[in-house]
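Below you'll find the structure, written out as structure tokens, and then a few comments.
So you know, we letter chains A, B, ... as the sequences are listed, proteins then strands, and number each from 1. Please read these numbers as outputs of a predicted model, since none were measured by experiment.
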Amino acid sequence: MSTLLQQLNPAQRAAVEATDGPVMVIAGAGSGKTRVLMYRIAYLMEQGVDPFNILALTFTNKAAREMKARIAGMMGDSASKGLWMGTFHSVFARILRAEGGALGFPSNFTIYDTEDAQKVIANLVKEKDLDKEIYKPKTLQNRISAYKNALVTPSAYAQRADLIEADKAARLPLLGAIYTEYTERCFRAGAMDFDDLLLKTNELLARFPEILAKYQDRFRYLMVDEYQDTNHSQYIIVKALASRFENLCVVGDDAQSIYSFRGANIRNILSFRQDYPEAQIFKLEQNYRSTDHIVRAANSLIEKNKDRLEKVVWTANDPGEKITVFKAISDFEEGNYVAERISESHFQHQWDYSRFAILYRTNAQSRAFEDALRKRNIPYRIFGGLSFYMRKEVKDLLAYFRLAINPNDEEAFRRIINYPKREIGPTTLDRLNVFAQEKRLSLFEAAEEVVMYPSAGINGPTVQRLSNFCIMIRSFAAEIAKGQAYEAAQFMANASGLIRDLKSDGTPEGVSRLENTMELLNAIQDFYQRQSQVEGGDASLGAFLQDVALITDADKEDDEGTPKVSLMSIHQSKGLEFPCVFVVGLEETLFPNLMAINSREDLEEERRLFYVALTRAERKAYITYAHTRYRFGKLIDCEPSRFIEEIDEQHLDFKIPTVHPFTPPESLLPFSGQGWGKAPARFGNSTPTGRTFPGKDTGSSPRTRPAQPPAPARPAGMKPLESLGNGPTGVPIDTPEIGMRVVHPQFGRGQVVDLNGEGPNASATVLFDHTGEKKLLLRFAKLERETP
DNA sequence: ATTTTACAAATTTTT
DNA sequence: TTTGTAAAAT
């Protein structure tokens with residue numbers, strides 16, 4: 001038998017060996033789903049399948065990258081070349097770059113993020129003079145997104161009386177018109193939004209049979225991870241691609257479907273059998289991840305859901321500890337409790353900080369935990385919230401790149417036409433826009449041509465300013481064409497006046513913004529160097545932009561070695577695991593969220609979300625909730641979540657805060673009465689651990705620097721499982737000297753030949769033994785002294 | 001055209 | 001709590 005197969009249990013092995021025909025793997029939490037996917041690919045290759053013919057669609061790019069690296073490790077680097085792995089969005093964006101011409105899109109099309117899309121819509125609403133309280137850009141964008149994910153194009157919408165009726169009822173009778181106009185604007189701008197990447201792929205495959213045939217023939221073996229979270233649009237793409245060979249393997253867990261708000265359709269997994277009657281179905285039910293208490297607790301919870309596939313998750317692991325349930329008096333105390341527990345385990349059991357995760361329902365909850373951790377100098381990392389590439393200053397610089405590469409990019413144009421100040425205000429922009437719409441031009445084209453049309457009403461000096469701007473952008477394009485992405489980016493950052501503008505701002509925020517801008521430039525240099533290493537890699541600035549548009553927080557690697565506590569929303573924790581997990585904020589209207597308590601379907605999704613959170617834990621789980629909580633600046637009373645009651649209590653261990661002597665303990669026990677019962681007034685100020693309960697903002701000592709800088713400049717990455725003994729061998733270098741022998745993680749060994757700059761811009765020129773001379777920024781390139 | 005000031009609104013989850 | 005928008009002033 002293949003040595004690969006020996007490393008799997010019987011159920012896993014069966015799923016791996018069923019290479020031909022449709023296969024569905026129902027994989028319980030922690031049952032080795034990723035392992036099956038990985039071994040299946042390796043097994044296919046071992047059976048002689050060309051990796052070129054395999055496509056695996058994963059949930060994050062990071063998952064794809066890691067899996068690919070491990071397969072390369074098993075099968076050899078060159079053997080796994082050509083294997084395609086990535087998210088739906090990144091894989092099909094790539095195909096659209098190559099084939100989008102058939103649909104009339106340029107290969108350098110821009111990807112609009114949600115913010116861009118909403119701004120385009122906001123502009124339309126303004127142009128049409130509609131009430132933006134009723135026609136809220138966010139709402140419109142959501143509805144349009146939903147239509148796109150259901151494959152309802154503007155023309156299809158016009159045929160759908162039911163949808164038109166529904167929008168009328170929602171007081172949005174013009175939604176169809178806005179949708180149509182929005183689609184046209186995007187087309188003219190050479191831009192696609194996230195949903196378009198799937199919708200246009202469908203259009204491409206449906207309208208051009210020869211293109212469909214080409215990719216059907218290429219992707220003879222298709223694998224889809226997290227199938228329960230695919231939406232209709234993705235489902236149809238998969239179906240189309242798989243329809244020739246039907247070697248389709250989908251892996252998922254209906255109990256972990258948590259993305260219905262994004263159009264994910266749990267029926268995709270529930271009805272797979274009907275779509276493919278001859279499909280083989282495998283169930284992975286043994287959990288290798290968590291203790292018995294955790295597995296059973298999670299099971300008892302998820303049993304309350306009606307929409308489920310039959311499946312019994314079990315584990316042979318030891319019982320472990322019960323789940324600790326803690327009720328805090330306030331969100332502030334909740335943060336302190338969690339930080340205390342982490343600190344305790346860290347010092348008593350030598351658990352390094354990367355073994356802990358704090359999971360919450362909404363990103364806004366992170367604050368109390370940040371404060372508590374920072375106060376104790378516990379390093380942490382926040383995922384989500386506003387990511388690096390969403391920051392204003394980063395998007396501003398990116399907009400220059402975008403416009404230089406695709407001058408029709410309307411949002412980029414609007415963003416930077418008057419930033420830094422060029423004396424081109426709203427009046428000019430309005431007139432320019434009117435002119436552009438009349439002539440059916442993009443704003444950039446309009447700005448270039450308006451000089452010939454005095455009737456547009458833009459005065460001479462302003463026309464000159466517009467023209468100067470266009471000339472500058474054209475010169476940027478020429479710079480990019482030289483092919484040196486980093487140099488071009490730096491040139492643009494300077495020539496645009498953006499750096500100067502940031503430098504003139506002396507405020508701490510301004511300094512941080514400048515740092516972030518520099519960080520972006522560094523990222524470009526890194527990208528350039530990395531891509532240059534890969535054979536056939538595209539190191540252009542355009543390629544960088546394509547990557548950046550689809551990057552998420554979860555994709556980023558941690559570039560500092562310090563182990564950190566992870567803070568993230570439960571959604572983001574999907575697919576991850578941690579030895580110790582805190583699920584926090586278990587309160588009615590927060591979790592389950594207010595938005596989700598009205599229908600059974602929504603409530604069940606919230607319950608699945610809680611299930612996902614619990615099953616992230618390997619050894620120990622905590623559940624916490626607060627009595628009072630600050631929400632939008634006001635202190636409000638909370639009620640414990642119904643979900644706590646739903647867990648079989650034999651797996652729970654209730655902890656209660658210090659009890660006032662006059663109060664009978666029972667009255668503090670959760671669920672002893674209704675809601676909070678009569679919680680006693682707390683005279684003392686002590687937490688359960690006996691610490692004094694500091695007032696707001698008093699605890700942070702000015703003498704010690706926080707473990708985390710106040711404004712984390714970039715999202716670092718994480719490696720929950722491999723935090724121990726990482727890093728290459730060698731001695732880190734603070735100050736390299738000319739002539740020193742060094743090692744670089746990517747370029748290998750070399751010798752320092754020159755040094756330049758200081759502070760954050762300090763760089764070294766290194767002559768590498770194999771890859772030649774490179775200039776590296778020191779704070780960025782992890783150079784180490786060569787060890788013989 | 002830009003800056004200042006005041007006031008309001010907003011918080012679910014994400015590719 | 002912060003962030004964004006509208007009106008008013010320069």
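Closest approach to the A/Ser569 side chain among B/dT11, C/dT1, B/dT13 is made by B/dT13 (side chain taken as heavy atoms from C-beta onward). Nearest nucleotide to the A/Arg262 side chain, out of B/dT15, B/dT12, C/dT2: B/dT15. Relative to the side chain of A/Lys136, the nucleotides B/dA10, B/dT13, B/dT11 differ in distance, and B/dA10 lies closest. Residue A/Thr362 places its side chain closer to B/dT12 than to any other of C/dT1, B/dT12, B/dT15. Set against B/dT2, B/dT14, C/dT2, the side chain of A/His571 has B/dT14 as its closest nucleotide.
The phosphate of B/dT15 has neither OP1 nor OP2 within less than 4.0 Å of any side-chain N or O from A/Asn231. Between A/Lys138 and B/dT11, a side-chain N or O to OP1/OP2 separation shorter than 4.0 Å is present. Here A/Gln572 does not reach the OP1 or OP2 of B/dT13: none of its side-chain N or O atoms lies under 4.0 Å away. The phosphate of B/dT14 (OP1 or OP2) has a side-chain N or O of A/Asn363 nearer than 4.0 angstrom. Contact annotation: A/Thr60 does not reach the phosphate of B/dT15 (side-chain N/O to OP1 or OP2, under 4.0 Å). For the pair A/Lys392 and C/dG4, the criterion of a side-chain N or O lying under 4.0 Å from OP1 or OP2 is met.
In this structure, A/Arg607 is not positioned above the aromatic face of A/Phe610 in the sense of NZ or CZ being under 6.0 Å from the six-membered ring centre and within 45° of the axis. By the 6.0 Å and 45° rule, A/Arg422 does not stack over the aromatic ring of A/Phe469.
A/Tyr259 comes within contact range of the sugar-phosphate backbone alone, with a heavy-atom separation under 4.0 Å but no base atom that close. Counting any heavy atom pair closer than 4.0 Å across all strands shown, A/Thr428 reaches sugar-phosphate atoms only and no base atom. No contact: A/Lys634 has no heavy atom under 4.0 Å from any strand. Within the 4.0 angstrom heavy-atom criterion, no nucleotide atom of any strand lies near A/Lys574. Counting any heavy atom pair closer than 4.0 Å across all strands shown, A/Thr427 reaches sugar-phosphate atoms only and no base atom. Heavy atoms of A/Asn418 sit under 4.0 angstrom from primed sugar atoms or phosphate atoms, though from no base atom.
At a threshold of 4.0 Å, the pair A/Asp254-A/Arg308 does not count as salt-bridged, since none of the basic side-chain nitrogens sits closer than that to a carboxylate oxygen. A salt bridge is defined here as a Lys NZ or Arg NE, NH1 or NH2 lying under 4.0 Å from an Asp or Glu carboxylate O, and A/Glu646 with A/Arg642 fails to meet this definition.
Computed from coordinates, the A/Leu359 CG to B/dT13 P distance equals 14 Å when rounded to whole Å. If you take OH of A/Tyr630 and C1' of B/dA10, they are 18 Å apart, rounded to a whole angstrom. Between the C1' atom of B/dT14 and the CZ atom of A/Phe388 lies a distance of 20 Å, rounded to the nearest Å. In this entry the distance linking CD of A/Glu133 with C1' of B/dA10 reads 12 Å, nearest Å. Spacing between atom CZ of A/Arg361 and atom P of B/dT13 amounts to 7 Å, rounded to whole angstrom units. If you measure from atom CD1 of A/Ile570 to atom C1' of B/dT12, you get 11 Å, rounded to the nearest angstrom. Protein atom CG of A/Asn61 is 16 Å distant from nucleotide atom P of B/dT14, rounded to whole Å. When the C1' atom of B/dT14 is taken as reference, atom CD1 of A/Ile258 falls 10 Å away, rounded to whole Å.
The backbone N or O of A/Ile329 lies less than 3.5 Å from a partner atom in the side chain of A/Thr628, making a donor-acceptor pair. Side-chain N or O atoms of A/Asp229 include none that pairs as donor or acceptor with a backbone N or O of A/Ala264 at under 3.5 Å.
Going from the P atom of B/dT11 to that of C/dA6 covers 16 Å, rounded to whole Å. Straight-line distance between the C1' atoms of C/dT5 and B/dT12: roughly 24 Å, to the nearest whole Å.
The residue among A/Asp195 and A/Glu423 whose nearest nucleotide of DNA chain B lies closer to the 5′ end is A/Glu423. Take the nearest nucleotide of DNA chain B for A/Asn593 and for A/Thr462: the residue whose nucleotide is more 5' is A/Thr462.
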I'd like a list of close polar pairs between nucleotides 6-10 of chain C and the protein, N/O only, cut-off under 3.5 Å.
| from | atom 1 | to | atom 2 | distance (Å) |
| --- | --- | --- | --- | --- |
| C/dA6 | OP1 | A/Lys132 | NZ | 2.6 |

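Nucleotide B/dT12: unpaired (no Watson-Crick or G-U wobble partner with both distances less than 3.5 Å).
Relative orientation of the A/His89 and A/Phe194 rings is perpendicular, given thresholds of 30° and 60° on the angle between their planes.
Each of A/Asn149, A/Asn202, A/Asp195 was checked for a side-chain hydrogen bond (donor to acceptor under 3.5 Å, both in side chains) with A/Ser233, and the lone residue meeting it is A/Asn202.
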Would A/Glu393 and A/Thr517 count as a side-chain hydrogen bond (donor to acceptor under 3.5 Å, both in side chains) here? Give the steps. CA-CA 7 Å; A/Glu393 61 274 21; A/Thr517 307; 6.0 Å; no
Practice item. Decide yes or no on salt bridge (charged side-chain N to carboxylate O under 4.0 Å, His left out) for A/Lys395 and A/Asp116, but give the supporting numbers first. Key: CA-CA 10 Å; A/Lys395 282 197 81 174; A/Asp116 295 322; 3.5 Å; yes
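Both geometric conditions, a ring-centre gap below 5.5 Å and a plane tilt below 30°, are fulfilled for A/Phe261 over the base of B/dT13.
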